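Residues: numbered from 1 along the sequence shown. No hydrogens, no waters, no symmetry mates; every other heavy atom, side chains included, goes into these values. What you are looking at is a predicted structure, and each value in this text was computed from that prediction instead of being measured.
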Amino acid sequence: MESAALVDRAVASGWRADEVLTTIIALGDNHALMLAAKADLEAALSILRKRP
């Protein structure tokens with residue numbers, strides 16, 4: 001599995017496993033927030049484009 005290999009490589013390079021997993025979680029959370037913000041922006045733009 002790619003994610004397990006990523007964790008293994010990070011630990012081998014000196015990171016602690018808990019640091020790696022916390023970072024992966026933070027990255028996923030930030031990505032989800034970015035996707036939600038993008039969807040909100042697209043919805044707002046769609047409304048504005050429909051206005052006369």
Side-chain angles (χ1 to χ4, degrees):
M1 185 176 209
E2 293 292 323
S3 56
L6 174 64
V7 173
D8 290 342
R9 287 192 310 271
V11 169
S13 71
W15 287 56
R16 292 190 332 258
D18 63 317
E19 292 174 318
V20 177
L21 297 173
T22 299
T23 300
I24 291 170
I25 291 167
L27 287 169
D29 189 41
N30 287 336
H31 189 73
L33 291 171
M34 182 269 309
L35 291 175
K38 181 181 176 193
D40 289 346
L41 178 60
E42 288 174 353
L45 289 172
S46 176
I47 291 169
L48 289 173
R49 287 185 187 114
K50 292 178 183 176
R51 288 187 178 173

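Taking each heavy atom of Glu19 and Thr23 in turn, the nearest pair found is O-OG1, 2.8 Å. Smallest separation of non-hydrogen atoms from Val20 and Ala10: CG2-CB, 3.4 Å.
Asn30 CG to Ile25 CD1: the interatomic distance, rounded to the nearest 0.5 Å, is 12.0 Å. Here OG of Ser13 is found 11.0 Å from CG of Asp8. Values are rounded to the nearest 0.5 Å. One distance of note links CD of Glu42 with CZ of Arg49; it measures 8.5 Å at 0.5 Å rounding.
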